[in-house]
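Some notes on the structure that comes next.
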Amino acid sequence: MIMHDKFLWLTGGVVTLLLIASITGWLLGLRVKTESGRAVIDNLNARVRAWWVMVAIFAVASLLGKLATIIMFSFISFFTLREFLTLTPTRASDHRALSLAFFIFIPVQYYLIGLEWYALFSIFIPVYGFLLLPSLSALNQDPEHFLERCAKIQWGIMLTIYCISHVPALLLLDIPGYSGQNALLLFYLLLVVQMSDVLQYVFGKIFGKTKIAPVVSPSKTVEGFIGGGVGATLIGASMWWITPFTLLQAAGMAFVTVLMGFLGGLVLSAVKRSLGAKDWGTMIEGHGGMMDRMDSVSFAAPIFFHLTRYFFAV
Amino acid sequence: MWLSNLLIGLTRILVGAFPRWVGSTPSHAQRIYFANHSSHIDTVALWAALPPGLRAKTRPVAAADYWNQGAIRRYVASKGFNAVFIERTHPDASTDPLQPLIDALEQGDSLIVFPEGTRHRQALPAPFKAGLFHLAERFPNVELVPVYLENLHRCMPKGTFFPVPLICTVRFGPVLNRIADESKPAFLERARQAVVELA
């Protein structure tokens, strides 16, 4: 099957899934009686509606090609960093460092993907960014909470720019026998991560009893994690035909992706709580902020990228 | 107007400027919105947070010594957000510096004012200047709506050139009630407290 056909099949599959979700939400809405049930269903329907929009944006960017995809993810980094720093206490003396992060580091990091300059892409933020930004803050001579401020800013940049940029970076991998199809790999990664989130939510809502980390993330349950994790791994395995992986390899990659996605959700939930918030923002109706949707992606993407690069790329 | 849309689009991308109507609802009643002032983005952020229908009839008050200086700023202020210019320094004692605002209110427009008179570095507003009191006395039927702009002092504090994009919410509070024969200082402090309570 050529790339174009695969893409059509995938889009058709996702649209079918969303149709099923929309119809299910509508039917549940007809049957619900209680006040709290109504709230859950309204949130479910808002989530599904937001999914239609997100899938549409993603599909259009993919069809437009590599440049559009890179630009789309640079905006995702921009909006997630904006959410992260909105909740993070910083001081006026961090102003220049923060401006630099938004207006220099995001464009450069994504430009490097466009240039396919892997060596600089992989060290630009951890080396140059992490040394230059605190220097700028220090020059402002404000030692109050200096270490905490630097740590928070760097962690935010790490997650929102560096980690998330590893999704479109899949486009620069040179995989033998797979040239011109890297966009499918990007689709695959996001599909597995997001299906894992969705299925964990669904299994958790239906069977969830035993909480994994009630203090940090009250919605995560053992039942949800197992059901969602197994489900998403099976979906990932069954989609091996759009990847450079064999069936078993695809199952392994999907499993690691699910695991990392779970950890991402857990860690960012802890970060959120330490900042005193429940959601990262209000940008995506029903989901919260952009970061609420990208938390698992930010952890899964770099690992997925490096495993693929090490084992499959030249 | 394309410039207005561009300004609003940029403001949305930079700071969001999402409205929260906590004590009042959008209304076509003639109003004076008064808010805390900490950055150059404030004016457009508050204006962008209003529904488009109200925006057309609501004019931000901008300092003439800043926004009326140079062709570009003047063009942006007058064409972009339909500003009413106010002279902060008025050597000529024979004219009332509030006259342009009075004219706008008499035409039926709503106004956006920053009664602190200038930008401040801190999140909470400084004491208000008297202009709001005089406008309130002269126009007893115009609704006075307190507004709190959150986070904008972090986005673009006084003295900085580049903004830091942070999400700003624009909170509209309940219409300030009128108390007969209230003294000027009491009114101004009550108005300031109405903004502080939204913080």
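Quick caveat: nothing in here was measured; it's all calculated off a predicted structure. Computed over heavy atoms, backbone and side chain alike; hydrogens, waters and symmetry mates excluded.
Using a 4.5 Å cut-off between heavy atoms, C155(B) contacts chain A through its backbone alone, with no side-chain atom that close. Residue F84(A): no heavy atom, backbone or side chain, is found under 4.5 Å from chain B. The part of F18(B) that comes within reach of chain A is its side chain, from C-beta onward, which places non-hydrogen atoms under 4.5 angstrom from that chain. Of the two parts of T90(A), the backbone and the side chain both hold a non-hydrogen atom closer than 4.5 Å to a non-hydrogen atom of chain B.
Salt bridge status for R20(B) with E150(B): absent, with no side-chain N to carboxylate O gap under 4.0 Å. Contact check on K272(A) versus E83(A) returns no salt bridge, with no Lys/Arg side-chain nitrogen under 4.0 Å from an Asp/Glu carboxylate oxygen.
Between L159(A) and M291(A), the closest side-chain pair of non-hydrogen atoms falls below 4.5 Å.
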**Study point:** Test log, rule ring-ring contact (aromatic ring centres under 6.0 Å, His included), inputs F187(B) and H134(B)
**Key:** CA-CA 10 Å; F187(B) 169 83; H134(B) 296 307; 9.9 Å; no

Review point. Should F124(A) and F105(A) be marked as a ring-ring contact (aromatic ring centres under 6.0 Å, His included) after you check the CA-CA gap, both sets of side-chain angles, and the distance that decides it?
Key: CA-CA 9 Å; F124(A) 177 64; F105(A) 282 76; 5.2 Å; yes

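Interface summary for chain B: among L81(A), D94(A), L98(A), the most heavy-atom pairs under 4.5 angstrom belong to L98(A). Interface remark: of the candidates T282(A), T86(A), L100(A), T86(A) forms the most heavy-atom pairs closer than 4.5 Å to chain B. In terms of non-hydrogen atom pairs under 4.5 Å with chain B, the most contact-rich of F103(A), F78(A), F102(A) is F102(A).
Among L85(A), L87(A), T88(A), the one residue that satisfies the side-chain contact (heavy atoms from CB on, under 4.5 Å) test with K152(A) is T88(A).
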